[in-house]
Amino acid sequence: MGRFYITTPIYYTNDAPHVGSAYSTVNADALARWHRLIGDETKFLTGTDEHGQKVADAAAKNDHSPAEWVEQTSERFREAWRTLNISNDDFIRTTEARHHESVQKFLSTIYENGYIYKDIYQGLYCVSCEDYYTPETAVDGKCPIHARALIEMEEENWFFKLSAFEDRLLEYYEQHPGFVTPETKRNEALSFIKGGLRDISITRTSITWGVRVPWDEAHVFYVWYDALINYLTAIGYGRDDEEVRKWWPYSNHLIGKEIIRFHCVWWPAMCMAARLEPPAHVHVHGWLLIGGQKLSKTMAAEGGVKLTDISPIVLTNEFGVDPVRYYLLRETSLGNDGEFSLEGVTLRYNTDLANNLGNLVARVCTVVESKCGGEGPAASLDSALRPAAEKAILDNVAAWERFNPQSALEATWSLIGATNAYLEQHAPWKMEPGEEVRRVIGDALEAIRIVAMLASPAMPSVCDEIWRRIGLDETIGSATFEESTRWGQYQPARRVQKGEPLFPRIHTS
Ligand code: MSP
């Protein structure tokens with residue numbers, strides 16, 4: 001049994017969650033569920049990033065104090081994650097006292113270690129990114145991501161000596177080839193470092209909405225500087241050393257591609273400055289795009305995309321929770337960008353779910369009712385389906401290990417395809433009741449049991465329902481992974497029920 005600590009980025013509370021934020025969260029949730037299934041001790045963290053200029057501006061625009069505003073928007077994230085059946089073990093809010101405490105402890109340690117100094121900051125700032133640009137990295141004086149005018153800033157700030165970590169970071173990358181995945185994103189992070197690192201301004205006096213700098217009360221920490229530390233707050237940094245030692249070597253940050261520099265350059269350097277090992281892994285995912293444009297809250301507010309039409313809650317009302325989760329995991333390989341469309345969700349629903357999985361379960365349960373007296377028969381140990389099932393299991397293990405839910409689901413759907421083909425070939429619905437029907441259906445029931453187990457990280461409720469329909473009352477994951485993946489574990493003579501269609505077809509005109 002291993003240990004697995006997985007985190008999502010913490011979401012800005014300037015607005016409500018959208019399907020892009022759901023993308024990060026559902027992927028992290030499926031990974032957490034997989035690791036629990038294989039028996040790993042797992043901790044899954046998500047939360048909200050509640051400080052910074054962007055949040056303060058949104059609160060002012062809506063005639064709220066920042067504290068009132070983040071209270072409401074943070075709750076909208078929790079509500080969305082409850083709706084999507086997200087199994088996080090903790091939900092961190094950066095306005096919590098525990099977080100302020102950890103941030104102050106962490107940054108004071110870096111200060112005491114000599115990596116923080118005071119200087120004048122002069123430069124260009126994008127409020128939407130909460131990030132700085134130089135004339136070279138700006139595009140026509142605008143932010144390259146949001147195409148918004150950059151603000152000229154001049155302040156006396158505290159700076160972090162990021163430049164001191166160039167060599168140490170390169171060495172860390174060399175010694176830990178799997179630190180950042182996929183490879184293309186690792187190269188991107190490496191080229192940031194090789195391009196030369198400048199010290200970063202890490203505090204503000206122009207705003208008060210943030211974590212106070214303990215050694216200089218006139219300043220608050222720059223939002224990214226407090227946000228990254230959330231991953232440590234949640235495991236007790238500065239409060240519970242044993243808990244930090246328990247989880248930190250097993251940390252996996254899942255992040256979107258636009259925040260690589262913060263997680264793959266700044267964050268490991270900050271950890272080094274605090275004399276802590278950098279995080280173990282950073283896994284980078286692409287963006288969901290609509291018509292080639294990133295689906296971001298900022299652009300939606302500017303009228304580029306109608307975000308309210310694609311809130312995760314609206315989507316689940318339309319398609320159901322598990323189909324939305326399935327779509328988000330299956331449509332795009334985790335490191336790449338993917339095009340989001342309602343037609344795409346409908347197509348996946350009707351083909352993969354209604355035609356392939358739903359139909360498989362329905363036809364098998366129907367034959368058990370009509371030809372086996374409603375009781376599921378046992379699988380044959382030399383079943384022709386057994387190699388397909390064993391391959392699906394091995395491919396799942398490899399795919400989840402590589403942080404690739406899409407390829408895990410492809411492997412599971414190959415088993416569904418093989419089982420449907422096996423049924424077509426033998427057509428048990430045309431047979432007279434007897435040994436032959438029982439053999440074919442027993443094999444199919446065993447394949448369904450394995451499919452439900454393998455697909456459960458993606459579609460937990462539907463898979464539980466499939467187990468109930470084939471008569472299994474234990475919950476998925478109650479036996480060890482080794483035991484439950486062994487062919488022939490379906491216990492015969494269980495009561496099988498056909499029930500309502502799992503995925504009623506969506507009619508498109
Ligand atoms: N608050 C920072 C993260 C701090 S982590 C210490 C932030 N927040 S965010 O709300 O803007 O984005 C959070 C995550 O949502 C990012 O990983 C981002 O990539 C993801 N997504 C936002 N829009 C997205 C898409 N359209 N598609 C996929 N993911 C997207 O950045």
Side-chain angles (χ1 to χ4, degrees), residues 6-29 45-55 58 70 73-74 76-77 80-81 86 92-95 99 102-103 106 126-131 143 145-146 185 210-211 221-234 251-268 270-271 279 282-301 304-305 307 310-312 315 327-329 331-341:
I6 177 132
T7 66
T8 70
I10 46 173
Y11 300 96
Y12 285 130
T13 44
N14 57 317
D15 208 344
H18 56 80
V19 76
S21 7
Y23 182 71
S24 292
T25 312
V26 167
N27 272 287
D29 184 61
L45 173 71
T46 187
T48 42
D49 190 353
E50 305 189 1
H51 294 126
Q53 189 69 50
K54 176 149 78 171
V55 173
V70 297
T73 38
S74 175
R76 295 184 73 175
F77 279 89
W81 303 158
I86 301 301
I92 187 159
R93 299 184 55 189
T94 53
T95 46
H99 183 61
S102 289
V103 168
F106 186 90
C126 170
V127 174
S128 298
C129 296
E130 297 278 16
D131 196 8
C143 163
I145 295 180
H146 297 92
K185 308 294 184 208
V211 180
F221 286 112
Y222 163 42
V223 61
W224 268 102
Y225 253 69
D226 103 55
L228 287 162
I229 299 165
N230 89 86
Y231 304 129
L232 286 171
T233 303
S251 52
N252 288 271
H253 301 318
L254 182 65
I255 62 159
K257 67 177 185 181
E258 81 284 20
I259 51 180
I260 290 184
R261 196 157 35 95
F262 302 106
H263 285 83
C264 307
V265 183
W266 293 18
W267 183 222
M270 286 164 68
C271 291
V282 181
H283 307 275
V284 183
H285 68 69
W287 286 341
L288 284 188
L289 305 166
I290 289 190
Q293 272 214 322
K294 179 173 176 258
L295 172 66
S296 86
K297 283 179 286 207
T298 314
M299 289 197 299
V305 182
L307 192 74
I310 33 179
S311 104
L315 259 191
Y327 173 80
L328 293 175
L329 296 164
E331 193 66 8
T332 314
S333 176
L334 201 56
N336 300 341
D337 288 348
E339 181 72 26
F340 175 87
S341 72

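Atoms within a ligand are numbered from 1 in the order they appear, just like the ligands themselves.
By the side-chain contact (heavy atoms from CB on, under 4.5 Å) test, R93 pairs with T48, E50, V70, E71, S74, R78, F91, T95, E96, sequence neighbours left out. For the ring-ring contact (aromatic ring centres under 6.0 Å, His included) test, residues two or more places apart in sequence or in another chain that qualify with Y225 are F160, W266.
Not a single heavy atom of F262 lies less than 4.0 angstrom from ligand 1. Within the 4.0 Å heavy-atom shell around ligand 1 one finds Y231.
Near E258, meaning under 4.0 Å from any of its heavy atoms, are these atoms of ligand 1: 16 (C), 18 (C), 19 (O). Of all atoms in ligand 1, listed by their number and element, those nearer than 4.0 Å to a heavy atom of S24 are 14 (C), 15 (O), 17 (O), 20 (C).
Once rounded to the nearest 0.5 Å, the distance linking OG1 of T7 with CG of N252 reads 7.5 Å.
Taking the six-membered ring where tryptophan is involved, the planes of W224 and F262 are essentially parallel, since the angle between them stays under 30° and well short of 60°.
Under 4.0 Å from ligand 1, the heavy atoms of D49 that appear belong solely to its side chain. Using a 4.0 Å cut-off between heavy atoms, I259 contacts ligand 1 through its side chain alone, with no backbone atom that close.
Any N or O atom pair closer than 3.5 Å counts here, and G256 shares at least one such pair with ligand 1. Residue I255 places no N or O, backbone or side chain, under 3.5 Å from any N or O of ligand 1.
Using modelled atom types, one finds no donor on one side chain facing an acceptor on the other under 3.5 Å when comparing T332 with Y23.
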